[in-house]
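Throughout, a chain's letter reflects where its sequence line sits, starting with A, and its residues are numbered from 1.
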2 protein chains.
Amino acid sequence: MKLTETQIKIIEAAEIEFAEMGYAGASIREITNRAGVNIAAINYHFGSKEALFKEMVLYHIEPINQVRMTLLADALANNDSKPLPLEEVVDIIVRPLLAALISESCNDFHFMRAMGKGMVEERSFMKDLQQDMLKEIMPKFISAISNSLGNPQFDKIAYGIHFLTCCIIGEMMQHTRLAMVSGGTIDLNDIDGLVDHLVAFISAGLKAVSEVKPIN
Amino acid sequence: MKLTETQIKIIEAAEIEFAEMGYAGASIREITNRAGVNIAAINYHFGSKEALFKEMVLYHIEPINQVRMTLLADALANNDSKPLPLEEVVDIIVRPLLAALISESCNDFHFMRAMGKGMVEERSFMKDLQQDMLKEIMPKFISAISNSLGNPQFDKIAYGIHFLTCCIIGEMMQHTRLAMVSGGTIDLNDIDGLVDHLVAFISAGLKAVSEVKPIN
DNA sequence: TTCATTTTAAAACGATCGTTTTAATCAAAC
DNA sequence: GTTTGATTAAAACGATCGTTTTAAAATGAA
């Protein structure tokens, strides 16, 4: 979907409001006031609050997913389609996402928090949106991760993907906790530092999960 | 705070509503209808919606934190106060929480989801509540983890605690994803399986983070 | 029974919600 | 200049929100 200037202006205001209030708590009036447009503009330009949220997410995520897929395809091609080191796969999942989200809005990480919060509100349209976002890339990355881990039992992959998702969504929603728990030591805009540590955490976690002994 | 029968009845109804709608999205009328009490009962018995949420959280969390502190103190005492294996510390953080939350309400994990969702909504009273919950146990467990890791640089601890928290809150909010990503293979009520894998994931992640090379 | 207190009930409070309607304004094509 | 279509503006829609008020009912002590 091609967006007009007004639509982008509204989306940028919406990011702030959704980030701070969540989807349910966000106010159409607050968004339109911030964007400097009339209350009716959201319904005129998007159709509804739901549709606005959806467009906001896709506007950011689609280019990120394109980058992810290209990087994965290139990495596999350069490796004769053999399994990649796990860290490389996880890096391709994490880095384009956080790099885009942290760099493009320098302060407060609005879209990142907005999307994270929306995703966990469990509305039915959010589930559909999540499906839309992930259906293209999910199978490719699950397959790459499974190969990198030596194709363990599928429940190990399931646990791992679940925890990996918790980490990424949690980081997006609660990025600012880093400043709190570090007493201000960690720079919230240090993408490389964040990604390096997050990739290390997730990769080691995935390997450990794949090696947990079955109980029976 | 000692709770009356009516208050507990309201709390149990509130868990369902908060779990499904989040704090902002939850309706006082829906909660009181479900509890079979009058609309005014929440303000009469608790004072406000905020106070209800607070009591709901403390009602569940305080006993869990007591168990955690006892287990940690006992483990340290049995180990001559030497550093514990990391897995043991993480297990004490995770297992009492998930065991209590999954066992006591067999279906849909209402309180778990309610608290997880509330915690990420970033209202100011939520931050105060989080402080209340954690101020007693946080320093003890951070210290134990740091010792188990051989006291690395503090920013490694900060990254680790942040990711650990993302995993635990994420698991609480999004527990049902396990059923989805596993295609129904994983039993959502299998606490031991969940905790075993989550502890392995977090512990390995923490170790890996503590070993990430500084850039400079 | 009487009285004081606690708890419930019903109704209304003011505020805000997302959306729709109606009319005015603008832009470009003819 | 006129007309057509797209966009903006202002106002109102019905609904729901958390909370408060007022009064009735229940409870227990004297």
Exercise for the section: To the nearest Å, give me how far apart CD1 (B/Ile10) and P (C/dA9) are. Expected result: 11 Å
Problem - Under-4.0 Å salt bridge between B/Arg95 and B/Asp196 - result: yes
Exercise for the section: Using a strict cut-off of less than 4.0 Å between a Lys/Arg side-chain nitrogen and an Asp/Glu carboxylate oxygen, indicate whether B/Lys117 and B/Glu121 qualify as a salt bridge. Expected result: no
Handout entry: Integer-rounded Å distance: C/dG18 P and A/Phe46 CZ
Key = 15 Å
Practice task
Check the distance between C/dG18's C1' and A/Ile39's CD1 and give it to me in whole angstrom.
Solution key: 10 Å
Exercise for the section: Tell me whether the centres of the aromatic rings in B/Phe154 and B/Tyr159 are closer together than 6.0 Å. Expected result: no
Exercise for the section: Determine the interplanar angle of the B/His60 and B/Phe111 rings, folded into 0 to 90°, and report it as parallel if under 30°, tilted if 30 to 60°, perpendicular if over 60°. Expected result: parallel
Handout entry: B/Asn43 CG to C/dA11 P, straight-line distance once rounded to whole Å
Key = 19 Å
Fill in the blank from the handout: A/Phe53 atom CZ is separated from C/dG18 atom P, nearest whole Å, by 14 Å
Practice task
Classify the angle between the aromatic ring planes of B/Tyr23 and B/Phe53 as parallel (below 30°), tilted (30 to 60°) or perpendicular (above 60°).
Solution key: perpendicular
Practice task
Taking only the side-chain nitrogens and oxygens of B/Thr6, find out if one of them lies under 4.0 Å from OP1 or OP2 of C/dT8.
Solution key: yes
Practice task
Check whether any side-chain N or O of B/Thr32 sits under 4.0 Å from OP1 or OP2 of C/dT8, and answer yes or no.
Solution key: no
Exercise for the section: Identify, between A/Ser27 and A/Ala40, the residue whose nearest nucleotide on DNA chain C lies closer to the 5' end. Expected result: A/Ser27
Exercise for the section: Give the rounded distance in Å between these two atoms: OH of A/Tyr44 and P of C/dA23. Expected result: 18 Å
Handout entry: Between C1' of C/dA10 and CG of B/Asn33, the distance in whole Å
Key = 13 Å
Practice task
Considering only NZ, NE, NH1 and NH2 on the basic side and carboxylate oxygens on the acidic side, decide whether A/Lys9 and A/Glu5 come within less than 4.0 Å.
Solution key: no
Problem - Main-chain N/O of B/Glu20 paired with A/Glu122 side-chain donor or acceptor, under 3.5 Å - result: no
Problem - Nearest listed nucleotide, side chain of A/Ser48, among C/dT19, D/dT19, D/dT8 - result: C/dT19
Exercise for the section: Please work out if B/Ala26 contacts a base, only the sugar-phosphate, or nothing of the nucleic acid, heavy-atom cut-off 4.0 Å. Expected result: sugar-phosphate
Problem - D/dT8 OP1/OP2 closer than 4.0 Å to side-chain N/O of A/His45 - result: yes
Problem - Atom-to-atom span, CZ of A/Arg29 to C1' of C/dC17 - whole angstrom - result: 6 Å
Practice task
Indicate, with a heavy-atom threshold strictly under 4.0 Å, whether A/Ile42 touches base, sugar-phosphate, or nothing.
Solution key: nothing
Handout entry: DNA chain C-proximal residues of residues 118-126 of chain A, any heavy atom under 4.0 Å
Key = none
Completion exercise
Taking C/dG18, D/dT8, C/dT8 as options, the one with an atom nearest any side-chain atom of B/Asn38 is C/dT8
